[in-house]
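So the structure is just underneath, and the comments pick up after that.
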Number of protein chains: 2
Amino acid sequence: MAVPSSPSLEIFSPPASPLFLREDEVRRGVELLFFGYTRLTRSVDELLVEHGFGRAHHRALYFIARQPDLPVSALLKILSITKQSLGRVLNDLAAKALVETRAGEVDRRQKLLRLTESGAAFEALLFEALRTGLSAAYAAAGQESVTGFWRVLEGLIPEDERQMVMALQGRGR
Amino acid sequence: MAVPSSPSLEIFSPPASPLFLREDEVRRGVELLFFGYTRLTRSVDELLVEHGFGRAHHRALYFIARQPDLPVSALLKILSITKQSLGRVLNDLAAKALVETRAGEVDRRQKLLRLTESGAAFEALLFEALRTGLSAAYAAAGQESVTGFWRVLEGLIPEDERQMVMALQGRGR
DNA sequence: GAAGATGGGACAGCCATATTGACGTATCTT
DNA sequence: AAGATACGTCAATATGGCTGTCCCATCTTC
């Protein structure tokens, strides 16, 4: 049973089923996700503007750092944006020598993306901002909570995309 | 890499300090937050385009629904955007009669925002998409996990803003 | 009651990031 | 040789942020 029964709140009538939770619990999750996510990325955003980039550039950098030699098509799937949108971002990053490409060996049509040395350094700088924020939240909440945090978020990802996300984390089915 | 371990045997060892977690744990959280958040809002986005609105309209509708008779200044703080950006959105919503304003009684300069009947209906429709996604994730993860999920997210919100968020949820302070 | 602060609105223009559709080229597959 | 695939590019468009400036109505303070 996924619903807590706190007698004092019974005024708001309990849900008919665990699949149809009380509105307040859902609103709480929505709001915490919204504020938590935006606050975590806020420090990164500041670093990005200082360097003349936007969030889109960070997302590309992040996933290229995560999976070196990623083909463009894989990055497109991860980001769920169009080729054109990604193209602009990759051109910016290549122009500033943060990302470089090499032709695939098995399939020479592919361009495999990886960070240059300065690209890796910049990504590491941005990552430190994320680490600072998340580490503090993890530490304050405790390991048990962190596991729950992961579990709920996994449940938000549709079946057919979950495998791709887990693969990033070396947990490919 | 910025991992605190020294020799090669420490790859699978626990972090040196709970305040400086292993990179993989942080990356996992970042990725789950990114994918979880975007997937949760995806169904809402679809409804919005069908009706000719964007995410910004939803955010305004959501928080007006949450706190009827909210003054404009309070909504500005919640959303952390400029008056001009919010103005456009509120004009759109007012033009389609989803939001209405009345002058404040204590301070007549204020305009208190609330949803019209059709505005409330539309917000409820959008909320159902959120409820469907989050309820499923909550139910799959279990109540223990949900508590942890909340706890970690709370920790991502800086001290000075946490109160505002909790106040939305009737948990002031 | 006048001066200043505050809540809200509006105009103009800019930027980042996303979209669609069409088309081109190199390379792989059949 | 034909077709599919991986990638790139041009052009046009929309959204949702931003800054700067100016304005009005109302509240507060002296």
How many whole angstroms separate atom NE2 of H58(B) from atom C1' of dG16(D)?
16 Å

Ion pair E128(A)/R131(A), N-O distance below 4.0 Å:
yes

Could you pick out which residue, A74(A) or S80(B), lies toward the 5' side of DNA chain D when each is mapped onto its nearest nucleotide?
A74(A)

How about L33(B) and L156(B): do any of their side-chain heavy atoms sit closer than 4.5 Å?
yes

Does the pair L48(B) and F122(B) meet the rule for a side-chain contact (heavy atoms from CB on, under 4.5 Å), with working shown?
CA-CA 10 Å; L48(B) 284 166; F122(B) 185 46; 4.2 Å; yes

L32(B) side chain near V152(A) side chain, heavy-atom distance below 4.5 Å:
no

Starting from C1' on dC7(D), measure out to CZ on R102(A) and report it in whole angstrom.
18 Å

Looking at dT27(C), does its base get a donor-acceptor pair with the side chain of R108(A) below 3.5 Å?
no

Is there a donor-acceptor pair closer than 3.5 Å between any side-chain N or O of S135(B) and the backbone N or O of T132(B)?
no

R59(A) side chain, from C-beta outward: closest of dG16(D), dT17(C), dC7(D)
dT17(C)

Does Q143(A), at its CD atom, have more than 12 non-hydrogen atoms belonging to other residues, nucleotides or ligands within less than 6.0 Å?
yes

Using the side-chain heavy atoms of D107(B), tell me which of these nucleotides is nearest: dC27(D), dA26(C), dT19(C).
dC27(D)

L113(A) has an atom CG; how far is it from atom C1' of dA6(D), in whole Å?
12 Å

With side-chain contact (heavy atoms from CB on, under 4.5 Å) as the criterion, how do L90(B) and I64(B) come out once you've worked through the C-alpha distance, each side chain's angles and the decisive distance to 0.1 Å?
CA-CA 11 Å; L90(B) 289 181; I64(B) 296 170; 4.1 Å; yes

R88(A) CZ to dC10(D) P, in whole Å, measures 13 Å

Write down the distance between CG (D69(A)) and P (dA6(D)), rounded to a whole number of angstrom.
17 Å

Does dT5(D) have OP1 or OP2 under 4.0 Å away from a side-chain N or O of S73(A)?
no

For the CG atom of D24(A) and the CZ atom of R28(A), what is their distance to the nearest 0.5 Å?
10.0 Å

Can you tell me if H57(A) touches the phosphate of dA16(C), counting only side-chain N or O atoms and a distance under 4.0 Å to OP1 or OP2?
no

Which residues, if any, of residues 90-97 of chain B bring a heavy atom under 4.0 Å of DNA chain C?
N91(B)

What is the distance, to the nearest angstrom, from the CG atom on L79(B) to the C1' atom on dG17(D)?
12 Å

Does the distance from a Lys or Arg side-chain N to an Asp or Glu carboxylate O, for R109(A) and D107(A), drop under 4.0 Å?
yes

Nearest-nucleotide comparison on DNA chain C, the residue closer to the 5′ end among L86(A) and R109(B):
R109(B)

So which protein N/O to nucleotides 19-21 of chain D N/O distances come out below 3.5 Å?
{"residue": "dG20(D)", "atom": "O6", "partner": "Q84(B)", "partner atom": "NE2", "Å": "3.1"}

Ring-face cation of K96(A) near F53(A) (centre distance under 6.0 Å, axis angle within 45°):
yes

Under a 4.0 Å threshold between the charged nitrogen and the carboxylate oxygen, would E23(B) count as salt-bridged to R66(A)?
no

Roughly how many Å is it from CG in L76(B) to C1' in dG16(D), rounded to a whole number?
15 Å

Would you mind reading off the distance between K111(B) atom NZ and dA10(C) atom C1', rounded to a whole angstrom?
11 Å

With the threshold set at 4.0 Å, does a side-chain nitrogen-carboxylate oxygen contact exist between E31(A) and R27(A)?
no

Strictly below 4.0 Å, heavy-atom distances to any atom of DNA chain C: list the hits from residues 30-56 of chain A, or just say none.
G54(A), R55(A), A56(A)

